[in-house]
Amino acid sequence: MNVLRHSSARPIVTAFTIWFLHFMVLWAAGEIWPHQWTANVLAWGVTAVALLAVGLHYGRLRAQYADGGLSGWSYRFARGACAIATVAIVFSAVPSVVFLP
């Protein structure tokens with residue numbers, strides 16, 4: 001019996017939304033507190049929260065796929081979006097580690 005699984009762009013957009021929010025908070029902190037420890041500490045905290053959010057999102061994707069609620073191509077694209085978002089989050093936090101005040 002073939003089961004019609006739901007295909008949606010939401011899992012893909014969710015991963016990129018997490019990265020976008022992370023980027024905007026880091027950018028705002030850098031503008032408000034340029035070259036200060038406050039911006040760096042905020043960047044480290046927000047990075048940890050964003051990586052946790054992407055990890056939780058990935059776990060939810062796996063569970064949804066295992067339950068048959070997500071099509072194969074949508075799951076593969078969502079996994080790729082999670083990977084890209086993870087790399088982007090880490091990459092955007094690197095300046096807070098490299099350029100310490």
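In this chain, residues are counted from 1 in sequence order. Here the structure is a predicted model, which is why all the values come from computation and not from measurement.
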* Counting only heavy atoms not in F20, do more than 12 sit closer than 6.0 Å to its CZ atom? ->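 Atom CZ in F20 is not crowded, with 12 or fewer foreign heavy atoms closer than 6.0 Å.
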Taking all atoms of both residues into account, what is the closest heavy-atom pair of [X] and [Y], and its distance?
X	Y	answer
H22	A50	CD2-CB, 3.7 Å
L42	A29	CD2-CB, 3.5 Å
F16	A85	CE2-N, 4.5 Å
L61	P11	CD2-CB, 3.3 Å
N40	S96	ND2-O, 3.2 Å

Group every Ile, Leu, Val, Met, Phe, Trp and Tyr by side-chain heavy-atom contacts under 4.5 Å, then state whether [X] and [Y] land in the same group.
X	Y	value
V41	V97	yes
W33	V25	yes
F23	W44	no
F91	V98	no
Y58	L51	no

What's the spacing between [X] [atom1] and [Y] [atom2] if we round to 0.5 Å?
X	Y	atom1	atom2	value
R76	L70	CZ	CG	10.5 Å
S92	W27	OG	CH2	14.0 Å
Y75	C82	OH	SG	9.0 Å
T14	L56	OG1	CG	12.5 Å

* Asked: Do any N or O atoms from the side chain of S74 and from the backbone of S71 form a donor-acceptor pair under 3.5 angstrom?
  ->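 Between the backbone of S71 and the side chain of S74 there is no qualifying donor-acceptor contact (under 3.5 Å).
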* To do: Might you work through the side chain to side chain contact (heavy atoms under 4.5 Å, CB included) test for I18 and I89, ending with a clear yes or no?
  => CA-CA 9 Å; I18 294 168; I89 287 168; 4.2 Å; yes
